Amino acid sequence: MPEAGGVPLRGIGRRRLDAFRAAEVARYVAARPRSQALAAGARGYYAGVPLHWMLDWPLPFPLVVADAVGATLTDVDGHRLADFCLGDTGSMFGHSPEPVVRALREQAAHGLAYMLPTPTALDVGRLLCERFGLPNWQVATTASDANRFALRLARAVTGRPKILVMNGCYHGAVDETYVRLKDGRPAHGPGLIGQFQDLTAATEVVEFNDPHALERALASREVACVIAEPVLTNCCMVLPEPGYHAALRAATRASGTLLLIDETHTISTGPGGYTRTHRLEPDIFVVGKPIAGGVPASVWGFTDEVARGWDRVRRETPPGHSGLGTTLSANALAMAAMRATLTEVMTEEAYARMDALAERLRAGLGAEVERRALPWHVVRVGARVEFVCAPGPLRNGSEAMAAHAPELEQAIHLGLLNRGCVIAPFHNMMLVCPATTPGQIDQLVGAFGEVLAALAG
């Protein structure tokens with residue numbers, strides 16, 4: 001495979017890549033004078049954007065959005081784009097679903113936040129039990145918050161100091177999950193800013209799909225909780241091998257360790273997430289991002305046994321702030337949006353449509369890869385599809401992180417956007433929502449084919 005300077009190009013020639021990138025940059029700049037002017041004139045924000053992640057898109061300057069409806073974005077220069085990023089899962093059911101818009105409008109007339117329950121909020125508790133199977137629930141503002149609170153509770157309930165994560169995992173902005181394996185030893189994740197404590201002192205890390213390493217790490221009985229995605233998603237998608245989740249559950253039970261399943265991305269699998277589809281049995285369950293239709297909200301549920309442990313901790317703890325909540329958690333506006341999402345948006349019918357369209361996308365992208373005999377593969381979990389610029393399937397986080405080809409991927413992203421298709425900027429993830437059309441699927445497959453033709457010949 002042609003490579004240069006140790007940079008993986010995965011079957012693509014350096015000259016072709018450089019020429020393609022230069023042409024796509026020029027095309028993007030010429031087509032978006034309004035976005036460029038707004039970005040250049042931005043004041044008040046660090047680097048000109050309200051969230052620094054917005055700088056991570058592989059673009060010459062930020063794309064400024066004027067409108068988003070269903071599965072379509074329109075930028076300030078008037079370009080209509082088929083959106084397969086969908087807010088990196090935050091709008092997994094499409095932009096502004098009508099039931100959510102209606103619920104927000106109705107609730108807004110009666111107050112937005114007052115740190116007290118509403119009839120709607122109380123109804124959501126019942127819906128969460130029915131949807132996800134666990135009997136006890138709490139609401140947070142983001143999945144990062146929900147994971148953080150759940151891990152604190154796990155330590156309190158078990159009296160153990162450590163957690164365990166999978167190498168390459170993603171659980172939001174939770175400090176202790178930013179631990180990776182480097183040369184076989186735990187180390188802080190690359191890019192972690194301002195961390196002054198040694199996270200490896202309280203976090204064990206093992207490879208996904210390695211139950212023997214898991215058992216060894218749990219043998220000390222110091223681990224309060226294993227926090228795991230059912231599928232690794234943010235480091236090139238890695239599917240669980242047959243029997244892995246059964247082994248994970250058996251090992252945690254044998255060692256008295258709680259198991260937290262974080263479904264913030266794998267909720268794409270079905271109405272009850274990967275957990276319900278594959279009959280997993282977590283002690284704690286977390287889902288955020290799309291649970292309120294794009295309004296910031298997350299939920300975390302847990303078993304009665306964990307609840308009894310919390311009861312005991314509360315009896316033994318003096319009054320004071322628990323560290324398990326924030327003032328705007330479970331605000332009335334978010335709860336209204338969540339009920340609308342659970343009852344009218346996040347339906348069996350919606351998932352069936354998303355699943356069929358995602359399979360059409362997976363097959364189309366795979367055919368384009370095969371046509372050019374590239375050493376790549378395409379993988380899918382429900383409505384979530386990803387092309388990986390390396391052979392597959394991948395087995396663990398180390399393989400997934402090695403599979404990234406950042407320079408090549410960035411060129412592909414820009415090429416797709418210039419052809420009217422938006423995918424997630426941080427990896428090669430694409431989502432299909434209920435509003436996605438077969439025509440948009442075919443548009444993305446065609447754009448992908450054009451990009452590969454330009455890059456690979």
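What you see is a predicted model, and the numbers here were worked out from it, not measured in a lab.
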Heavy-atom closest pair, residues V295 and A337: CG2-CB, 3.9 Å
More than 12 heavy atoms from other groups under 6.0 Å of CD on E305: no
Distance-only side-chain donor-acceptor flag, T266 / T269, under 3.5 Å: no
Exam field: side chain T347 to backbone E344, donor-acceptor pair closer than 3.5 Å: no
Donor-acceptor contact present, side-chain R353 to main-chain P434, <3.5 Å: yes
Nearest-0.5 Å distance that lies between atom SG in C236 and atom NE2 in H377: 7.5 Å
Polar side-chain atom of S329 near backbone of A140 as donor-acceptor pair, under 3.5 Å: no
Give every donor-acceptor pair under 3.5 Å between a side-chain atom in residues 283-291 and any protein atom, sequence neighbours left out.
| from | atom 1 | to | atom 2 | distance (Å) |
| --- | --- | --- | --- | --- |
| D283 | OD2 | R249 | NH1 | 3.1 |
| D283 | OD2 | R249 | NH2 | 2.9 |
| D283 | OD2 | L259 | N | 2.8 |
| K289 | NZ | D88 | O | 2.9 |
| K289 | NZ | H265 | NE2 | 2.9 |

Rounded distance (nearest 0.5 Å) linking atom CH2 of W57 with atom CG of L63: 7.5 Å
Which atom of C129 lies closest to which atom of P135, heavy atoms considered: SG-O, 3.7 Å
Mutual orientation of the aromatic rings belonging to F302 and W300 [parallel < 30°, tilted 30-60°, perpendicular > 60°]: tilted
Straight-line distance of N147 CG to L151 CG, nearest 0.5 Å: 6.0 Å
Side-chain donor/acceptor of E359 to backbone N/O of D355, under 3.5 Å: no
Neighbour count >12 (heavy atoms, 6.0 Å) for atom CZ, R314: no
Value rounded to 0.5 Å, distance of CZ in R362 from CE in M430: 11.5 Å
Test item: L342 and L128 side chains (from C-beta on) under 4.5 Å apart, heavy atoms: yes
Residue list, side-chain contact (heavy atoms from CB on, under 4.5 Å) with Y114, at least two apart or on another chain: Q107, L116, T118, A332
Distance, nearest 0.5 Å, that separates CZ of R148 from CG of D145: 5.0 Å
Sequence neighbours excluded - ring pair (Phe, Tyr, Trp, His ring centres under 6.0 Å) pairs with any residue from residues 344-366: F93-Y351
Salt bridge R126-D123, side-chain N to carboxylate O under 4.0 Å: yes
Please list, one pair per line, the donor and acceptor atoms closer than 3.5 Å that link side chains of residues 162-171 to other protein atoms, with sequence neighbours excluded.
| from | atom 1 | to | atom 2 | distance (Å) |
| --- | --- | --- | --- | --- |
| K162 | NZ | E204 | OE2 | 3.0 |
| N167 | OD1 | L181 | N | 2.9 |
| N167 | ND2 | E207 | OE1 | 3.4 |
| N167 | ND2 | E207 | OE2 | 3.3 |
| N167 | ND2 | S398 | OG | 3.0 |
| H171 | ND1 | D262 | OD2 | 2.9 |

ring-ring contact (aromatic ring centres under 6.0 Å, His included) partners for H188, two or more places apart: none
Salt bridge present between R384 and E263 (N-O < 4.0 angstrom): no
Pairing of D18 and R21 as salt bridge, 4.0 angstrom limit: no
For E370, all residues meeting side-chain contact (heavy atoms from CB on, under 4.5 Å), sequence neighbours excluded: none
side-chain contact (heavy atoms from CB on, under 4.5 Å) evaluation trace for E176 with I227: CA-CA 11 Å; E176 57 262 55; I227 177 171; over 6 Å; no
Plane angle bin for H413 and F387 - parallel if under 30°, tilted between 30 and 60°, otherwise perpendicular: perpendicular
Donor-acceptor pair, side chain of R131 and main chain of G272, under 3.5 angstrom: no
P240 side chain near N209 side chain, heavy-atom distance below 4.5 Å: yes
